[in-house]
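What you see is a predicted model; the values in this text were computed from it and never measured. Chain letters run A, B, ... following the sequence lines, proteins first and then strands; every chain starts at 1.
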Amino acid sequence: RIMRPDDANIAGNVHGGTILKMIEEAGAIISTRHCNSQAGEPCVAALARVERTDFLSPMCIGEVANVSAEITYTSRHSVEVQVKVMSENILTGAKKVTNKATLWYVPLSLKNVNKVLEVPPIQYVRKEQEDEGKKRYEEQKLDRLETKQRNGDVILPVINPEPHTVGYSQSSLIHLVGPSDCTLLGFVHGGVTMKLMDEVAGIVAARHCKTNIVTASVDAINFHEKIKKGCVITVSGRMTFTSNKSMEIEVFVDADPFVDEPRERYRAVSAFFTYVSLSKEGKPLPVPQLLTETEDEKRRFEEGKGRYLQTKAKRQAQMQQSAQ
Amino acid sequence: RIMRPDDANIAGNVHGGTILKMIEEAGAIISTRHCNSQAGEPCVAALARVERTDFLSPMCIGEVANVSAEITYTSRHSVEVQVKVMSENILTGAKKVTNKATLWYVPLSLKNVNKVLEVPPIQYVRKEQEDEGKKRYEEQKLDRLETKQRNGDVILPVINPEPHTVGYSQSSLIHLVGPSDCTLLGFVHGGVTMKLMDEVAGIVAARHCKTNIVTASVDAINFHEKIKKGCVITVSGRMTFTSNKSMEIEVFVDADPFVDEPRERYRAVSAFFTYVSLSKEGKPLPVPQLLTETEDEKRRFEEGKGRYLQTKAKRQAQMQQSAQ
Amino acid sequence: RIMRPDDANIAGNVHGGTILKMIEEAGAIISTRHCNSQAGEPCVAALARVERTDFLSPMCIGEVANVSAEITYTSRHSVEVQVKVMSENILTGAKKVTNKATLWYVPLSLKNVNKVLEVPPIQYVRKEQEDEGKKRYEEQKLDRLETKQRNGDVILPVINPEPHTVGYSQSSLIHLVGPSDCTLLGFVHGGVTMKLMDEVAGIVAARHCKTNIVTASVDAINFHEKIKKGCVITVSGRMTFTSNKSMEIEVFVDADPFVDEPRERYRAVSAFFTYVSLSKEGKPLPVPQLLTETEDEKRRFEEGKGRYLQTKAKRQAQMQQSAQ
């Protein structure tokens with residue numbers, strides 16, 4: 001579809017959240033279709049996890065986004081989908097890869113939303129494809145367990161914070177979950193949640209550096225808990241780490257099923273977003289360093305540094321590999 | 001894309017206007033891409049005309065719309081695009097053709113919006129394709145001239161109208177044209193206009209028969225005049241004709257360029273929409289007959305009858321042809 | 001326009017904010033048109049104030065909203081518009097008055113956004129209309145000065161609040177001002193701001209009483225400061241008073257012009273919203289009493305009680321008057 005002014009920031013760069021939402025919609029369609037391809041109980045595919053994704057080049061207003069999706073692995077109860085987003089300037093014909101993303105879906109019965117159904121197996125062209133898929137499956141399963149434990153943290157308000165501290169830029173929004181945010185099962189689309197997360201992370205980043213900012217990457221996101229129509233969700237973000245030219249922001253999504261439900265507020269999703277600051281010519285700018293004050297902030301900064309160095313090392317390894 | 005609750009009426013049937021908007025977006029993308037495929041002045045394709053289109057089967061919430069577009073003819077200054085919409089139930093895998101539409105676009109220069117550029121010619125597989133296209137081109141050119149003359153009519157308000165008269169169901173809405181309604185040139189997307197027209201026509205039809213109604217077809221629509229960002233548009237509709245099971249509604253779009261422009265209000269578009277009334281089981285219901293009062297209303301009713309009989313005859317001819 | 005699922009809460013009642021937004025759009029169109037009706041500098045009418053408005057009867061999904069607007073007074077630099085909203089059930093034909101609102105607009109030059117232009121005078125049918133209008137004009141002018149002084153308050157966060165305290169239900173959201181939120185001048189439409197304010201107030205009310213809630217009335221709202229495209233706005237609300245069957249919520253709007261602007265965060269708007277809690281059958285329910293803890297909270301509760309009793313007395317006086 002064509003990117004409109006509302007999909008973009010004032011500098012004309014399309015929000016990462018808009019792209020994440022398109023990716024998830026494509027993934028939900030292809031995996032729901034696949035899981036219903038054999039006779040059996042009708043189901044809807046629910047997003048369980050998105051792997052880390054890099055935004056390779058910014059998309060602009062007036063460009064057309066082409067989204068293509070493919071099922072690349074199936075386990076007994078889950079589907080791996082790889083989605084590619086190309087941006088096309090229809091005036092010049094130029095095309096660029098904007099994103100590649102990997103998503104995991106789980107089929108939930110339309111009759112009983114808590115029942116996970118079996119996934120019809122796919123055919124692999126080569127045996128290695130199945131083995132590699134299985135390896136990816138095992139890795140993400142492990143990672144999902146880990147984040148589930150980390151998920152207890154809460155963002156506390158800070159009175160009169162100093163510039164460039166964590167408290168200065170931390171932000172949160174509330175959103176009432178309406179019908180058009182939801183799937184047929186009455187639960188929020190993963191893509192809607194990711195769009196709100198990117199919105200909050202973007203505001204945190206802009207508050208910190210007061211320039212035009214764009215999403216550079218999103219770490220793996222795990223969707224541990226479903227969010228129902230009518231909930232109020234609180235999306236909060238705080239900066240955890242800055243390198244010379246990037247900022248890492250941690251985002252939490254909490255759901256409040258406050259009408260007609262005995263249940264307490266719960267943590268539904270959490271993730272790390274990385275942003276860069278851009279000059280008017282679109283070049284990366286240096287970022288003001290984050291001032292950490294408490295022990296927790298210093299610990300999170302070190303953890304963020306760890307993730308940053310790990311990603312950098314991985315990327316260099318990949319570049320050497322592809323250069324060979 | 002997946003059809004959401006906001007795309008549909010209370011009975012779950014997707015608004016014809018939503019489908020028309022998707023069709024037009026696909027048409028605008030493919031024709032803009034084609035017109036920029038050769039080196040030369042960059043341009044944006046503007047919708048000039050949509051041929052009559054029938055809504056073959058209603059689409060529902062949760063279904064996925066697949067839109068495919070193809071360029072089928074080019075004249076010196078215009079492009080013909082044929083668009084096909086398939087609805088797919090991703091739970092059952094069932095696919096149906098919902099619509100086929102033919103649209104005409106004209107490339108306008110990005111630098112000078114009043115300059116119509118030349119269209120790169122397409123290659124035809126068979127010579128007859130070019131000849132048939134040329135015939136369609138000549139026919140629509142003639143028809144555009146005719147509607148331009150008809151366009152002077154105005155819908156006047158009626159005080160205390162009786163049920164089933166023209167005045168009883170006539171309706172209008174105003175809309176302030178914002179940035180996300182517009183193309184790169186700052187003019188309203190044809191699809192946005194058609195969606196508003198379908199909304200008004202649907203209200204006229206529902207007021208008349210007080211049941212669940214759906215768009216059955218739209219007559220050819222000619223876009224004589226562009227509508228600029230910042231305009232207020234008034235979309236008004238009145239019923240012109242009823243058969244046993246269908247209603248014809250005439251819709252006018254008037255633009256008021258009230259800021260920054262010395263220009264008077266002008267008629268931008270007009271069209272006829274046909275609606276049917278559906279029972280809860282989705283079967284067509286008989287429609288209350290339209291009570292005509294004035295001479296003009298009686299004349300319009302006869303003209304509507306003419307169009308109705310003509311369409312019916314054409315359809316029967318086509319069915320006989322395809323049965324042979 | 002037809003009310004859609006996203007315009008309403010889970011019980012199907014249309015959000016007061018959606019109605020306020022439609023009212024403001026109608027007011028902006030009619031006053032911009034009027035202010036441009038004479039030769040002179042082109043201008044856009046900006047919302048300066050909305051008088052107190054009561055929501056007389058709830059509107060539901062599938063109903064059609066009819067909005068009509070009329071200019072009722074002009075001073076040298078401002079326009080008074082009265083807007084009436086009728087809800088129409090198009091299946092039964094039943095119509096009800098939903099709202100009557102009075103709005104004040106000021107014409108700002110398109111060339112120089114800080115220049116207020118002169119308003120062409122309107123003709124009054126009777127001399128008394130002009131005198132009454134002048135009285136309303138003087139009254140609102142006084143009230144605007146008063147709120148400007150009150151506007152300094154800030155909502156501080158509370159850690160681990162008890163149920164039914166002020167801190168327990170207080171809420172805030174942030175919103176990045178995008179192109180479609182704005183007028184031609186690049187400033188937020190007053191209606192967009194009011195819709196966000198109603199959203200926050202509704203969440204405060206729902207958090208307090210955990211039932212289905214609807215907007216009953218909105219106190220006069222003054223728009224002291226414009227909000228520019230690209231700002232982040234923080235909308236925060238806290239409960240100030242509860243009667244047996246109603247809740248009063250104070251809402252603040254703060255703007256952060258954080259990109260490309262040296263300016264500090266500033267208070268743009270503030271207002272009081274009144275909500276009632278409804279049973280599944282749509283009857284008003286008793287409301288849990290607000291627990292006030294600090295001196296400030298107790299003072300605000302008393303002030304809210306004052307406003308509540310004043311409004312009640314006014315309404316009784318009006319009912320006696322109309323009964324005579």
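- When heavy atoms are compared at a cutoff of 4.5 Å, A/H15 approaches chain C solely by way of its side chain, counted from C-beta outward.
- Within the 4.5 Å cutoff, the side chain of C/D256 has no heavy atoms near those of the A/K210 side chain.
- For NZ of A/K226, the number of neighbouring non-hydrogen atoms (other residues, nucleotides, ligands) closer than 6.0 Å is greater than 12.
- Heavy atoms only, all atoms of each residue included: C/E199 and A/L176 are closest at OE2-N, 4.5 Å.
- For C/K229, the NZ atom is loosely surrounded, since the number of other residues' heavy atoms within 6.0 Å does not exceed 12.
- Applying the salt bridge (charged side-chain N to carboxylate O under 4.0 Å, His left out) rule to pairs touching residues 288-297 of chain C yields C/D296-C/R299, sequence neighbours excluded.
- Scanning residues 161-173 of chain C against chain A with a 4.5 Å non-hydrogen threshold yields C/S171, C/S172, C/L173, sorted by number.
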**Request:** Check step by step if side chain to side chain contact (heavy atoms under 4.5 Å, CB included) holds for C/I203 and A/H175.
**Result:** CA-CA 9 Å; C/I203 289 174; A/H175 175 75; over 6 Å; no
